[in-house]
Number of protein chains: 2
Amino acid sequence: MAEAKPTSGRVTLRDVADVVGVTPAAVSMALRGSSRIGKETTERIRAAARELGYVTNSAGRALRAQRSGSIALVVPNTSQHVFGHSYFMHLLVGVSEVGDSRGAPVIISTSVVAEHGINAYERILRSQVADGAIVASAAAQDRDLESLVASGLPVVLIGRSVTLPDAVWVGVDDEAGGELAARHMIEQHGARRIVHVSGPLDHQSAIDRLEGCRRASAAAGLPEPRVIQGDFSEASGVAAGRTLLADGLDGADAIVAANDEMAYGLMRELGAAGVSVPDDLGLIGYDDFGLARVTTPGISTIRVPAELIGRRAASELFGLLDGREPAHRHVLLPVELIARGSCGCPTPAQHD
Amino acid sequence: MAEAKPTSGRVTLRDVADVVGVTPAAVSMALRGSSRIGKETTERIRAAARELGYVTNSAGRALRAQRSGSIALVVPNTSQHVFGHSYFMHLLVGVSEVGDSRGAPVIISTSVVAEHGINAYERILRSQVADGAIVASAAAQDRDLESLVASGLPVVLIGRSVTLPDAVWVGVDDEAGGELAARHMIEQHGARRIVHVSGPLDHQSAIDRLEGCRRASAAAGLPEPRVIQGDFSEASGVAAGRTLLADGLDGADAIVAANDEMAYGLMRELGAAGVSVPDDLGLIGYDDFGLARVTTPGISTIRVPAELIGRRAASELFGLLDGREPAHRHVLLPVELIARGSCGCPTPAQHD
DNA sequence: TCTCCCTGCTTCATCGTTGAAGCAATCGCC
DNA sequence: GGCGATTGCTTCAACGATGAAGCAGGGAGA
């Protein structure tokens with residue numbers, strides 16, 4: 001059949017209306033299935049709309065409805081080295097899955113440039129480009145974020161926030177994760193002297209993972225773990241390895257790294273110096289976004305369900321947009337230990 | 001100073017106008033820097049706008065201007081196993097970098113659901129959610145894509161398209177890449193019997209990489225390489241390895257895999273069977289999106305500049321949107337060989 | 001002194017969509 | 001057969017922004 005689709009030139013309600021011989025309002029109502037439009041007319045309108053390739057103009061609808069129907073995923077690019085690509089990717093997959101299911105376009109914003117005294121977070125919401133935002137901010141303290149949350153606009157934060165108790169956030173139980181990691185090294189592998197290579201300590205995840213690690217040590221009656229601060233990058237893992245080698249291991253028998261990238265850097269650096277993981281030193285990482293599975297040995301790690309976080313955050317956001325006050329403003333998802341070779345556990349089957 | 005920012009409730013031109021005592025039109029003109037508005041009035045308007053936290057409503061502007069100012073990055077989710085996460089991620093980074101620099105929000109669309117006879121690609125453009133789209137479609141033949149390109153809407157394709165000669169696309173020279181990979185194995189490592197583990201052969205990249213591999217073999221006077229078809233997934237690499245082991249290597253001395261994930265699957269499967277890479281068999285992959293660097297041995301590979309592709313595609317798209325006909329509708333970016341351990345080359349320094 | 005032009009704003013119209021209210025014609029009911 | 005209710009559409013207005021055109025008042029030039 002001849003689909004007389006106009007190859008260019010927008011098709012509006014008016015065009016469809018003219019073809020059918022009714023008014024734009026009638027077309028609008030018919031397409032939304034109003035009972036006030038006759039059955040036969042509705043059919044003719046639907047047919048004409050299909051024929052012409054009519055698609056609702058989002059600007060017109062947004063203007064009228066006072067909502068765009070989109071949501072934004074905001075990742076300040078200042079934190080690109082902190083939020084690894086894979087984390088963001090998993091998050092995005094989760095968010096866009098929920099967005100798609102609701103027919104809501106997902107807008108990615110990495111720009112953080114403030115303009116006329118308004119930061120990028122607020123700009124995107126106030127301009128109504130998006131109705132709500134999911135913000136993955138790295139810093140535990142972020143002035144812009146504070147003002148955004150204070151403004152009352154619909155925002156869901158990724159990651160636990162101590163400084164913004166009123167904010168809705170979805171995170172992972174990093175204290176439990178840190179504790180789980182350290183306890184595994186202590187209980188399963190008899191570690192007595194733990195070194196913790198932390199993330200940047202102005203980052204809540206880094207703080208919590210360290211805290212968990214401390215708690216496990218204390219619970220086992222061990223001394224405070226030695227802490228070497230990194231920044232979540234592989235390079236900082238390498239640097240930590242170098243520091244460790246320079247200072248001497250001093251009886252250390254296990255390393256708990258605050259993420260896998262640093263663990264990987266450590267492993268390479270130690271390996272190059274002839275210190276074998278796990279034979280000479282057990283190692284456990286954190287995240288399991290892909291890297292940990294493919295190294296040799298595989299890096300034992302605490303799995304962060306990033307895609308689930310994304311899905312959950314998006315759900316919470318839609319809840320806010322629908323006017324439902326969330327039952328719990330704070331969601332802490334559980335983590336899971338994935339044992340691979342680096343801690344000393346036997347290498348598991350391949351499909352891990 | 002008291003920033004009397006209204007915490008909720010939209011601020012419109014009218015609100016600013018009322019404060020200053022002028023009309024909305026005057027405010028609009030002043031903010032855009034029109035010379036028709038007095039200097040002193042302009043100042044007062046700007047001050048008031050800042051004070052009130054005014055941000056242009058994107059729906060209003062889009063409706064008036066007949067353009068949303070956004071661009072879309074479309075990735076059919078049917079192809080998620082084909083387009084690995086990392087590829088998409090690099091693409092996105094490149095696209096959003098250019099988008100940000102132009103102040104254009106980037107919309108991610110993974111939904112491909114057709115509705116009322118209109119596919120998701122066209123829907124997003126015709127609805128004016130985005131002014132143009134960058135489409136990363138997997139299949140060499142995609143009916144929806146054909147109709148989209150035929151519609152003349154501003155679209156840039158990722159990857160060479162043979163079937164759509166009129167489309168604007170940005171890709172990588174995969175034939176050259178495939179040839180480069182095979183030639184390296186032949187010339188540097190004396191390979192005489194090459195096995196090519198291809199991608200899905202309804203995918204242009206897969207076709208081209210295979211073709212390049214064939215060309216190098218022919219040029220060296222070698223017989224046609226044996227081809228085992230995979231689907232770009234690690235699992236299909238494992239399967240290919242299994243096939244190879246079951247059939248017997250039959251004198252094969254090098255494997256050219258069409259991507260790194262399959263190469264990794266192969267390497268693991270062969271390794272588990274006691275066949276060492278590179279000692280028993282040289283291996284080279286393709287992509288270098290992250291995986292190849294961290295395995296042991298590292299996978300030698302053909303680097304695809306995905307971020308650059310994203311940047312370039314976005315630039316081309318903005319060119320189309322600005323009405324500039326592109327100087328060259330087809331962009332083929334060069335690839336680069338990255339030698340690591342898997343082909344038999346000495347392991348390079350760590351920072352590769 | 002009259003006209004023309006500039007300056008600096010206002011008024012107007014429009015982009016596309018959609019709820020509300022309006023208004024004929026038809027129907028059901030007593 | 002008359003009256004209210006229902007059906008099926010129309011007209012109207014508004015969402016917010018912004019070019020175009022309009023229109024006062026003042027200054028310059030002839």
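Chain letters run A, B, ... following the sequence lines, proteins first and then strands; every chain starts at 1. As the structure is a computational prediction, the values presented were derived from the model and not from experiment. All values below come from the heavy atoms of this structure, side chains included, with hydrogens, waters and symmetry mates left out.
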TODO: Tell me which of A:A59 and B:G21 sits closer to the 5' end of DNA chain C, going by the nucleotide each one is nearest to.
DONE: B:G21
Open item on the list: Regarding A:T23, tell me which of base, sugar-phosphate or nothing describes its non-hydrogen contacts under 4.0 Å with the strands shown.
Closed with: base
According to a strict under-4.0 Å criterion, is [X] in side-chain N/O contact with OP1 or OP2 of [N]?
X: A:T41; N: D:dC9; answer: yes
X: A:Q66; N: D:dA14; answer: no
X: B:R10; N: D:dC15; answer: no

Proximal nucleotide (of [options]) relative to the [X] side chain:
X: B:R64; options: C:dG16, C:dT17, D:dT18; value: D:dT18
X: B:S28; options: D:dT10, C:dG16, D:dT18; value: D:dT18
X: B:L63; options: C:dT17, C:dG16, D:dT10; value: C:dG16
X: B:A25; options: C:dC12, C:dC9, D:dC9; value: C:dC12
X: A:T56; options: C:dG19, D:dT18, C:dT17; value: C:dT17

[X] [atom1] to [N] [atom2]: how many Å, rounded?
X: B:R32; N: D:dA17; atom1: CZ; atom2: P; answer: 11 Å
X: A:D18; N: C:dT17; atom1: CG; atom2: P; answer: 12 Å
X: B:L13; N: D:dA14; atom1: CG; atom2: C1'; answer: 16 Å
X: B:I45; N: C:dG8; atom1: CD1; atom2: P; answer: 12 Å
X: B:R126; N: C:dT17; atom1: CZ; atom2: C1'; answer: 18 Å
X: B:R61; N: C:dG16; atom1: CZ; atom2: C1'; answer: 18 Å
X: B:D15; N: D:dG16; atom1: CG; atom2: P; answer: 8 Å
X: B:E43; N: C:dC9; atom1: CD; atom2: P; answer: 13 Å

Task: Pairwise 5' ranking along DNA chain D for B:M29 and B:N57, keeping only the more 5' one - done: B:N57
- [ ] Name the residue closer to the 5' end of DNA chain D, choosing between A:T42 and B:R36 according to the nucleotide with the nearest heavy atom.
- [x] A:T42
Task: CA sep, side-chain torsions, deciding dist, call: B:T110, A:D100, side chain to side chain donor-acceptor pair (under 3.5 Å) - done: CA-CA 8 Å; B:T110 56; A:D100 277 349; 2.6 Å; yes
Any Lys/Arg nitrogen of [X] or [Y] sitting under 4.0 Å from an Asp/Glu carboxylate oxygen of the other?
X: A:R123; Y: A:D144; answer: no
X: B:R311; Y: B:E307; answer: yes
X: B:E316; Y: B:R312; answer: yes

Open item on the list: As a quick check of understanding, evaluate side chain to side chain donor-acceptor pair (under 3.5 Å) for B:S161 and B:Q204, giving each step before the final call.
Closed with: CA-CA 7 Å; B:S161 174; B:Q204 192 62 45; over 6 Å; no
